[in-house]
Protein chains: 2
Amino acid sequence: MPVTVLIVDDEPLVRAGLRAVLDAQPDIEVVGEAADGAAVIPLVRRLRPDVVAMDVRMPLLDGIEATRAVLRTVAEPPKILVVTTFENDEYVYEALRAGADGFLLKRARPAEIVHAVRLVAEGESLLFPASVRQLAARYGDDGQGNRAARAALERARLTEREAEVLRLMARGLSNAEIASRLVVGTETVKSHVSAVLAKLGARDRTQAVIAAFESGFVAPG
Amino acid sequence: MPVTVLIVDDEPLVRAGLRAVLDAQPDIEVVGEAADGAAVIPLVRRLRPDVVAMDVRMPLLDGIEATRAVLRTVAEPPKILVVTTFENDEYVYEALRAGADGFLLKRARPAEIVHAVRLVAEGESLLFPASVRQLAARYGDDGQGNRAARAALERARLTEREAEVLRLMARGLSNAEIASRLVVGTETVKSHVSAVLAKLGARDRTQAVIAAFESGFVAPG
DNA sequence: GATCGTCTCCCCCGCCCGGGGGAGGCTCGT
DNA sequence: ACGAGCCTCCCCCGGGCGGGGGAGACGATC
């Protein structure tokens, strides 16, 4: 009995690529495709796939929400393998927190992709980049995305608060606006901003925001 | 005699997707793949493909430089179809200026992708998004990317100089550094920056840079 | 020739930003 | 109990940034 896979990605090209790679395996069968997160639930109900290969960034309903929705509404949910372009994509960690079972870089080699699908299908949680897996191990990962996600964030060397400030910076907010949003003083925000600039090696907030985009920490779209 | 295609993209998944889509056509044959621009020249020499489907953003040598290199060094160059993720990717227009014959969005449907390959193979220049094509027509496009590219830039409402300044802003340069780079006074740069902010509806340079990333005007990677 | 748009440069001015340094309270783990 | 790390807030201060307004030079267009 082969591993059945549902592919969810807004780019037809990526879908075709995944299908080509996976269908070439005798023990893996692609049973369906969806172009956005909103279409996932009914397809999961009908096709009952073992694994869902889910893009994080999608129109209508992104991979995080789609993951939550599937886990919340489906009785025997499939394993969810989050597919992403960026290594440090913050969305991925959110998806893992939401209950995804592993993630996979789009630039991975076909053999790695196949391996990842087999692993999650067997119930193994996997976090692809070696560095993240090491961190997960060091922090005593229990097999759930939750702890690994936190560890991965730690890898960015930013504290949670600093990461939050950077996220708001990357949305164009001023220090005063960030302070208001976080319900703290502007001086506090300034401290965090300074810490972020120092840690990222940025000279000003603009450079920090650029780094955030380039590292995939925040989404361009 | 089928149309032969060389696929150049750093993501194996995209390569597999293109291959799957194109090889499914009886009149199209994928004759090779490359993962970066540097490998293109020898492959083109050896395989002599009719069309090169080339990603813009790649390691080592990007699509623009690779396009230039191919057209400069190969005697009977293939048609070059630039593949991109973002609709307004400035790189695409540069690639067209460099001599590419058309461009294609990754989120295009398989049928559109196939159609694009056939078109450029027949010697037709194509610019995928309808808006750009309309603009190209309005400005009396002669079939070459050059004019269309200029028209598309015009669409952004920024003058060339302003676009140049925004590009440097998005690389983290200060006004003084931009002035030095462009060999003008800092007051001049301030004028351009102010114009950019006004046209983009941005409050400060950070917001302008965010807009540049989100619109695909500049590359995240 | 007149007009328009662009690029260039100048002035004044207010302010947010970022650097440096310091400090109190909190929760950890040892 | 102690230190480490984090979050919070405070001070002073300089400088880059952005707004407003103005202006000369050039080319294209009409």
Side-chain angles (χ1 to χ4, degrees), chain A residues 135 138-140 146-147 149-212, chain B residues 135 138-140 146-147 149-212:
Chain A
L135 271 168
R138 186 184 312 163
Y139 281 82
N146 229 334
R147 293 191 66 83
R150 232 177 281 143
L153 266 180
E154 217 160 298
R155 174 168 165 259
R157 303 203 161 277
L158 295 182
T159 68
E160 276 191 36
R161 207 52 162 174
E162 288 160 357
E164 207 167 358
V165 168
L166 177 55
R167 216 176 305 141
L168 295 174
M169 277 196 272
R171 290 182 55 183
L173 276 64
S174 67
N175 287 341
E177 287 166 343
I178 295 173
S180 163
R181 180 75 66 94
L182 298 182
V183 199
V184 295
T186 57
E187 298 300 326
T188 303
V189 174
K190 283 180 61 176
S191 292
H192 292 315
V193 170
S194 290
V196 168
L197 297 186
K199 288 181 178 178
L200 297 185
R203 186 179 49 196
D204 49 50
R205 71 201 294 109
T206 304
Q207 289 190 348
V209 168
I210 292 170
Chain B
L135 271 169
R138 187 184 310 160
Y139 282 81
N146 229 333
R147 294 191 64 84
R150 231 177 283 144
L153 266 181
E154 218 161 298
R155 177 168 163 257
R157 303 199 162 280
L158 296 181
T159 67
E160 277 190 36
R161 205 54 161 172
E162 287 159 0
E164 208 166 357
V165 169
L166 176 56
R167 215 177 305 141
L168 295 174
M169 278 195 273
R171 289 181 55 184
L173 275 66
S174 68
N175 287 341
E177 287 166 341
I178 295 173
S180 163
R181 183 73 68 94
L182 299 182
V183 199
V184 295
T186 58
E187 297 300 325
T188 304
V189 175
K190 283 180 61 176
S191 293
H192 292 315
V193 170
S194 290
V196 169
L197 297 185
K199 287 182 178 178
L200 296 185
R203 185 179 50 195
D204 49 50
R205 69 200 296 106
T206 305
Q207 289 191 348
V209 168
I210 292 170

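Given the structure is predicted, the values throughout are model-derived calculations rather than measurements. Proteins get letters first, then strands, A, B, ... in listed order; numbering begins at 1 in each.
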Using a cut-off of less than 4.0 Å, is there contact between a side-chain N or O of B/R203 and OP1 or OP2 of D/dG19? no
Separation of atom CG in A/L197 from atom C1' in C/dG19, rounded to whole Å: 10 Å
Which ones in residues 168-186 of chain A lie close to DNA chain C, meaning a heavy atom under 4.0 Å from one of its atoms? A/S174, A/N175
Sugar-phosphate or base contact per nucleotide [nucleotides 20-30 of chain D; S, B, -; heavy atom under 4.0 Å]: -----------
Given atom CG of A/L158 and atom P of D/dC7, what is their separation to the nearest angstrom? 10 Å
Would you indicate what A/S194 reaches in the nucleic acid, counting non-hydrogen atoms under 4.0 angstrom: base, sugar-phosphate, or nothing? sugar-phosphate
Taking atom P of C/dC17 as reference, at what distance in whole Å does atom NE2 of A/H192 sit? 15 Å
Polar side-chain atom of A/E162 near backbone of A/L158 as donor-acceptor pair, under 3.5 Å: no
Residue-phosphate contact under 4.0 Å: A/R161 side-chain N/O, D/dT8 OP1/OP2: yes
Any sub-3.5 Å donor-acceptor pair from B/S180's side-chain atoms to B/A176's backbone N or O? no
Are B/R161 and B/E164 ion-paired here, with the side-chain N under 4.0 Å from a carboxylate O? yes
Closest non-hydrogen atoms of B/H192 and B/V165, given as atom of the first, atom of the second and distance, are CB-CG2, 3.7 Å
